[in-house]
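What follows is a short report on a single structure.
Because only heavy atoms are used, hydrogens play no part in the values below, and waters and symmetry mates are left out as well, while side chains stay in. The shown structure was predicted, so the numbers you read here are calculated from the model rather than taken from an experiment. Protein chains get the first letters and strands the later ones, always in sequence-line order, with residue 1 at the start of each.
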Amino acid sequence: MSEERSLNFIEEIIEKDLANGTHNGRVHTRFPPEPNGYLHIGHAKSICLNFGLAKKYNGKCNLRFDDTNPVTEDTEYVDSIMNDVRWLGFEWDELHYTSDYFTQLHDFAVDLIRKGLAYVDDSSAEEIAAMKGNIDRPGTNSPYRDRSVDENLELFAAMRAGKYADGEKVLRAKIDMGHPNLLLRDPIIYRIKHAHHHRTGDTWCIYPMYDFAHGQSDSIEEITHSICTLEFIHHRPLYDWCIEKLGIFPSRQYEFARLNLNYTVMSKRKLLQLVNEKHVSGWDDPRMPTISGMRRRGYTPEAIRKFAETIGVAKRENLIDIGLLEFCVREHLNKVALRRMAVLDPIKLIITNYPEGQTETLNAENNPEDENGGHREISFSNTLWIEREDFMENPPPKYFRLGKGLKVRLKHAYIVECEDYKTDENGNVTEVYCKYFPESKSGSDTSGIKVKGTMHWLDVATAKEAEIRLYDRLFKVENPAAEEGDFKDYINADSLTVIPKAYIEPALAEATEADRFQFLRIGYFALDKDSTSDKVVFNKTVGLKDSWAKEQKKG
RNA sequence: AGUUCAAUGGUGUAAUGGUAGCACAACAGUUUUUGGUUCUGUUUGUCUUGGUUCGAAUCCAGGUUGAACUACCA
């Protein structure tokens with residue numbers, strides 16, 4: 001059904017498993033976010049991968065909240081994550097929370113103690129860190145490492161019963177303090193936290209660590225292919241160790257390279273800082289690389305899914321050009337966005353030979369890319385708004401817009417020729433005077449006049465006002481996280497431009513947040529949630545390709 | 001420094017021992033009542049040194065470069 005396309009390395013693994021009859025041909029993945037922040041475009045890559053694989057191989061994909069740290073997690077994030085996954089176009093087969101497994105996880109820990117593979121350590125965090133050794137020096141055994149099984153059982157039960165304060169004791173796996181992989185030097189698997197959990201409340205005061213929760217949760221759900229990002233590659237031996245020692249369902253972990261986009265940051269910690277320190281208006285600020293930010297800005301799920309497919313999946317570190325994401329957004333919006341006219345920086349155009357007070361209604365197509373897109377009516381008169389940059393007093397060659405003696409077509413209307421203009425005391429152009437050619441009406445042009453340029457415009461009498469917000473990249477450098485010093489030093493101070501009073505077609509006043517528009521010759525726009533009945537606000541999603549701007553840059 | 005992973009045009013990603021392809025970007029045209037869109041064409045690449053082989057981007061060895069790992073975070 002789909003065109004020939006090569007497999008990524010994970011698909012190859014799956015197809016090999018399928019061919020070998022591993023798990024009886026069953027494919028089951030999961031997307032396991034921690035509910036401690038909003039999802040971003042990097043998560044979108046992972047979501048598309050995990051849910052996409054399940055769909056492709058007729059399998060299942062779970063959504064599982066990895067909520068083992070009560071102090072950072074919250075239901076606000078749970079709700080936003082579910083909303084974002086659905087908005088992207090995916091539905092989970094099973095919904096789980098790691099916290100639902102707390103009892104089983106606790107029993108796994110007891111099992112490990114019984115097998116002599118875990119012990120309670122009374123050392124402080126500092127002492128444990130000191131005994132850990134480092135990259136080129138082996139660690140040393142804890143003095144508590146050889147406690148008896150019975151003593152460990154008793155102590156762990158006391159930990160669970162709340163007999164100790166936070167940090168007083170931990171449960172550690174007994175592996176090898178000399179192991180070159182630091183994660184295998186007797187990792188902590190349970191810690192004491194007298195904290196309220198967003199789902200289990202005060203039932204527990206001990207919580208499992210990631211490494212003692214994630215793999216077992218995969219195993220409990222009989223996940224066949226547990227896909228995560230490269231930084232977890234060192235955790236895999238521990239993931240496998242737990243499964244092997246516990247003798248539970250053998251889920252397998254595979255790692256791929258996370259998405260990096262230039263001119264932005266992608267870590268939840270950094271995004272949280274931008275929000276908390278008010279560098280942006282919130283998690284859904286249209287400049288944020290979050291799903292909610294992109295949604296608010298006007299990106300579509302189709303565009304994001306296409307992007308995820310285009311960038312591929314591999315193990316090589318990457319830094320993807322934001323231009324590719326924008327290309328995917330334009331590509332989709334070009335097909336679906338309704339064409340409308342808007343003037344962002346207005347000056348008046350007065351048609352001197354068009355009768356004062358006369359109005360006519362013109363018919364304009366909604367989308368030239370869509371035959372069934374229909375038409376709308378727009379009004380025309382002798383006084384119009386046009387874009388300031390569409391007129392020049394001294395136009396250079398190849399300028400296909402207005403200037404004294406130059407002719408252009410007004411989109412869907414007539415051809416006009418500029419005869420004069422007026423400036424204010426500062427020399428700024430305020431009005432442009434043109435004559436129009438009555439026989440050049442769009443659709444019934446018998447004038448025989450050929451023009452190079454077509455401009456957008458608005459009838460002053462019927463145009464409505466709107467606030468328009470323009471966005472630029474949030475950072476001035478390609479990779480702020482890799483730069484010297486604080487990443488926030490590289491924030492682009494001009495990333496937001498607000499145009500308080502622009503003009504739009506009357507029909508646009510009725511827009512909803514679900515609509516997508518192309519403002520002719522400017523770019524794609526979507527209604528912002530800040531809109532009220534008196535004031536509509538539009539966000540610029542992304543600009544149109546502008547080959548004139550490029551031409552000018554060449555000088 | 002130890003361990004692990006990776007290295008293909010400017011950016012991504014294919015080629016699974018047999019013609020280095022695709023997308024974006026760039027450039028030149030084409031089309032166009034959006035300087036949008038469409039269509040066509042062009043430029044640019046296998047980290048390095050050896051080895052195996054009739055044949056290596058692919059396999060092997062050494063080197064180089066980059067990344068990750070030393071939270072009671074995930």
Side-chain angles (χ1 to χ4, degrees), chain A residues 5-9 12 32-34 36-37 66-69 71-73 98 121 124-125 128-129 132-139 166-172 179-183 185 187-193 206-207 209-211 213-214 228-237 255 257 262 268-269 309-321 323-328 330-331 334-335 339 341 365 368-369 398-401 408-413 415 440 442-443 445 451-456 518-524 543-552:
Chain A
R5 202 166 172 282
S6 51
L7 304 178
N8 64 49
F9 80 101
E12 280 179 12
E34 182 189 10
N36 69 344
D66 214 342
D67 54 353
T68 59
N69 185 357
V71 304
T72 58
E73 296 153 7
T98 302
D121 196 330
S124 68
I128 289 175
K132 185 158 198 166
N134 59 34
I135 276 168
D136 41 22
R137 204 192 322 279
D166 289 7
E168 213 175 319
K169 286 183 167 41
V170 290
L171 183 69
R172 294 228 257 169
H179 200 104
N181 181 340
L182 291 298
L183 289 164
R185 318 241 264 229
I188 292 167
I189 57 179
Y190 258 94
R191 78 284 216 193
I192 300 169
K193 272 182 194 284
I206 56 171
Y207 293 92
M209 296 288 288
Y210 167 85
D211 285 304
H214 198 95
C228 62
T229 48
L230 243 32
E231 63 268 30
F232 290 97
I233 199 162
H234 301 99
H235 294 250
R236 181 157 27 105
E255 310 86 12
N262 59 9
K268 276 199 265 186
R269 204 194 93 251
E309 186 189 315
T310 305
I311 58 175
V313 177
K315 299 183 80 159
R316 186 187 332 165
E317 301 281 344
N318 58 76
L319 181 60
I320 295 189
D321 194 333
L324 182 60
L325 212 207
E326 294 179 340
F327 166 81
C328 295
R330 283 192 197 99
E331 188 185 42
N334 177 49
K335 294 195 198 99
R339 270 54 172 181
M341 294 200 280
E365 61 192 347
E369 303 295 315
K398 292 206 273 183
Y399 183 76
F400 306 142
R401 307 178 188 186
V408 297
R409 171 170 295 281
L410 296 175
K411 181 75 177 175
H412 305 305
I415 291 174
S440 67
S442 197
D445 185 350
V451 292
K452 279 279 188 44
T454 300
M455 289 174 22
H456 61 279
Q518 182 194 109
F519 291 177
L520 244 45
R521 301 209 303 139
I522 303 175
Y524 296 98
L544 254 25
K545 246 172 58 179
D546 190 347
S547 46
W548 169 242
K550 200 184 286 181
E551 181 74 27
Q552 283 175 304

Quiz prompt | Nearest-angstrom distance from the residue atom CD of A:E365 to P of B:G36 | solution = 16 Å
Exercise. Using Watson-Crick or G-U wobble geometry with both distances below 3.5 Å, tell me the partner of B:G17, or none.
Key: none
Quiz item: How is A:S124 classified with respect to the nucleic acid when contacts are heavy atoms under 4.0 Å: base, sugar-phosphate, or nothing?
Solution: base
Practice problem: Determine: side-chain N/O of A:S547 to OP1/OP2 of B:G36, distance under 4.0 Å, yes or no. | Solution: yes
Exercise. Specify the closest pair of heavy atoms between A:V170 and A:I128, including all atoms of both residues, with the distance to one decimal.
Key: CG2-CD1, 3.8 Å
Self-check item: Selected nucleotide, minimal atom distance to A:F327 side chain, candidates B:U37, B:C24, B:A74
Solution: B:C24
Exercise. Quick one: label A:R137 by what it contacts on the DNA or RNA (base, sugar-phosphate, nothing), any heavy atom closer than 4.0 Å.
Key: nothing
Quiz item: Any salt bridge between A:R339 and A:E365, counting N to O under 4.0 Å?
Solution: no
Quiz item: When all nucleic acid strands are considered with a 4.0 Å heavy-atom cut-off, which category describes A:N318: base, sugar-phosphate, or nothing?
Solution: sugar-phosphate
Self-check item: Touch class at under 4.0 angstrom, heavy-atom based, for A:P32 against every strand present
Solution: nothing
Exercise. Once you apply the 3.5 Å cut-off to both distances, tell me the Watson-Crick or G-U wobble partner of B:C5, or none.
Key: B:G66
Quiz item: Do we count A:W548 as stacking onto B:G35 if the rule is ring centres under 5.5 Å and planes under 30°?
Solution: yes
Quiz item: In whole Å, what is the span from the CG atom of A:D321 to the P atom of B:U13?
Solution: 13 Å
Quiz item: In whole Å, what separates the C1' atom of B:G35 from that of B:G29?
Solution: 15 Å
Practice problem: Evaluate the criterion side chain to side chain donor-acceptor pair (under 3.5 Å) for residue pair A:H234 and A:N181; output intermediate values, then yes/no. | Solution: CA-CA 7 Å; A:H234 301 99; A:N181 181 340; over 6 Å; no
Exercise. Would you mind classifying the nucleic acid contact of A:I522 as base, sugar-phosphate or nothing, using non-hydrogen atoms under 4.0 angstrom?
Key: nothing
Practice problem: Name the nucleic acid region contacted by A:G443, choosing base, sugar-phosphate or nothing; use a 4.0 angstrom heavy-atom cut-off, strictly under. | Solution: base
Practice problem: Assign A:F9 to base, sugar-phosphate, or nothing according to its heavy-atom contacts below 4.0 angstrom with the strands shown. | Solution: nothing
Quiz item: What distance, rounded to whole Å, do you find between the two P atoms, one in B:G55 and one in B:G2?
Solution: 36 Å
Exercise. For A:K193, answer base if it contacts any base atom (sugar-phosphate contacts may also be present), sugar-phosphate if it contacts only those atoms, and nothing otherwise; contact means non-hydrogen atoms under 4.0 Å.
Key: sugar-phosphate
Quiz item: When you measure from the side chain of A:K315, which nucleotide among B:A23, B:G36, B:A6 comes out closest?
Solution: B:A6
Practice problem: Could you check which nucleotide pairs with B:U53 in any of the strands shown, counting Watson-Crick or G-U wobble with both distances under 3.5 Å? | Solution: none
Exercise. Compute whether any side-chain donor of one residue and acceptor of the other, for A:S440 and A:D445, lie under 3.5 angstrom apart.
Key: no
Quiz item: Considering Watson-Crick and G-U wobble pairs with both distances under 3.5 Å, what does B:A26 pair with?
Solution: B:U42
Self-check item: Interatomic distance at C1', B:A26 relative to B:U11, whole Å
Solution: 12 Å
Quiz item: Would you say the side chain of A:Q518 lies within less than 4.5 Å of the side chain of A:L544, judging by non-hydrogen atoms?
Solution: yes
Self-check item: Integer-rounded Å distance: B:A1 P and A:L182 CG
Solution: 17 Å
Self-check item: B:U37 to B:U48 separation - P atoms, rounded to the nearest Å
Solution: 37 Å
Quiz item: From B:A74, B:G12, B:U70, pick the nucleotide closest to the side chain of A:I135?
Solution: B:U70
Quiz item: How would you label the contact of A:R339 with the nucleic acid (heavy atoms, under 4.0 Å): base, sugar-phosphate, or nothing?
Solution: base
Practice problem: Would you indicate, yes or no, if B:U37 has its OP1 or OP2 atom less than 4.0 angstrom from a side-chain nitrogen or oxygen of A:K545? | Solution: yes
Exercise. Kindly say whether, by distance alone, the side chain of A:H235 makes a donor-acceptor pair under 3.5 Å with the base of B:A68?
Key: no
Quiz item: Between B:C73, B:G36, B:U13, which one does the side chain of A:A314 approach most closely?
Solution: B:U13
Practice problem: Could you state the atom-to-atom distance from CD1 of A:I320 to C1' of B:U11 in whole Å? | Solution: 8 Å
Quiz item: Which part of the nucleic acid, if any, lies within contact of A:T68, taking any heavy atom under 4.0 Å across all strands shown: a base, the sugar-phosphate backbone alone, or nothing?
Solution: sugar-phosphate
Practice problem: Would you kindly give the CG-to-P distance between A:L230 and B:A68, to the nearest whole Å? | Solution: 10 Å
Quiz item: Which residue lies toward the 5' end of RNA chain B, A:F519 or A:G323, if each is placed at its nearest nucleotide?
Solution: A:G323
Exercise. Kindly say whether, by distance alone, the side chain of A:R236 makes a donor-acceptor pair under 3.5 Å with the base of B:U4?
Key: no
Quiz item: Do A:V408 and A:F400 have side chains that get closer than 4.5 Å, going by heavy atoms?
Solution: no
Quiz item: When the C1' atoms of B:C60 and B:A20 are considered, how many whole Å apart are they?
Solution: 22 Å
Practice problem: With a 3.5 angstrom cut-off on both distances, give the Watson-Crick or G-U wobble partner of B:U33, or none if there isn't one. | Solution: none
Self-check item: Whole-Å C1' distance, B:U43 and B:G9
Solution: 10 Å
Quiz item: Can you tell me how far C1' in B:U46 sits from the matching atom in B:G10, rounded to whole Å?
Solution: 16 Å
Quiz item: How close or far is atom P of B:G36 from atom CZ of A:R409, stated in whole angstroms?
Solution: 18 Å
Self-check item: Residue whose closest nucleotide on RNA chain B lies nearer the 5' end, A:V170 versus A:S440
Solution: A:S440
Quiz item: For A:L520, which contact category applies under a 4.0 Å heavy-atom criterion: base, sugar-phosphate, or nothing?
Solution: base
Quiz item: What is the nucleic acid contact for A:M455, judged by heavy atoms within less than 4.0 Å: base, sugar-phosphate only, or nothing?
Solution: nothing
Quiz item: Whole-Å distance between B:U11 P and A:L324 CG?
Solution: 14 Å
Practice problem: Provide the distance between the two C1' atoms, one in B:U8 and one in B:U4, to the nearest whole Å. | Solution: 23 Å
Self-check item: Side-chain donor/acceptor of A:E369 to base of B:G36, under 3.5 Å
Solution: yes
Quiz item: Under 4.0 Å between a Lys/Arg side-chain N and an Asp/Glu carboxylate O for A:D166 and A:K193?
Solution: no
Quiz item: Between B:U8, B:A14, B:C69, which nucleotide has the shortest distance from any of its atoms to the side chain of A:R316?
Solution: B:U8
Exercise. Specify the separation, in whole Å, of atom CZ of A:R401 and atom C1' of B:G35.
Key: 7 Å
Self-check item: A:H179 and A:R185: side chain donor to acceptor below 3.5 Å
Solution: no
Quiz item: Base, sugar-phosphate alone, or nothing: which one does A:I233 contact when heavy atoms must sit under 4.0 Å apart?
Solution: sugar-phosphate
Quiz item: So which nucleotide from B:A74, B:U34, B:C5 ends up closest to the side chain of A:F232?
Solution: B:A74
Quiz item: Do we see a donor-acceptor contact under 3.5 Å between the side chains of A:T72 and A:E34?
Solution: yes
Quiz item: Of the nucleotides B:A26, B:G12, B:A1, which has the atom closest to the A:L319 side chain?
Solution: B:G12
Quiz item: Quick one: which of B:U37, B:G2, B:C72 gets closest to the side chain of A:N334?
Solution: B:U37
Self-check item: N/O donor-acceptor pair, side chain A:R330 with base B:G36, under 3.5 angstrom
Solution: no
Self-check item: Heavy-atom donor-acceptor pair, A:S442 side-chain to B:U33 base, under 3.5 Å
Solution: yes
Exercise. May I ask you to say what A:H179 touches in the nucleic acid, namely base, sugar-phosphate or nothing, with a heavy-atom cut-off under 4.0 Å?
Key: nothing
Quiz item: Does A:F232 have its ring centroid less than 6.0 Å away from the ring centroid of A:H214?
Solution: no
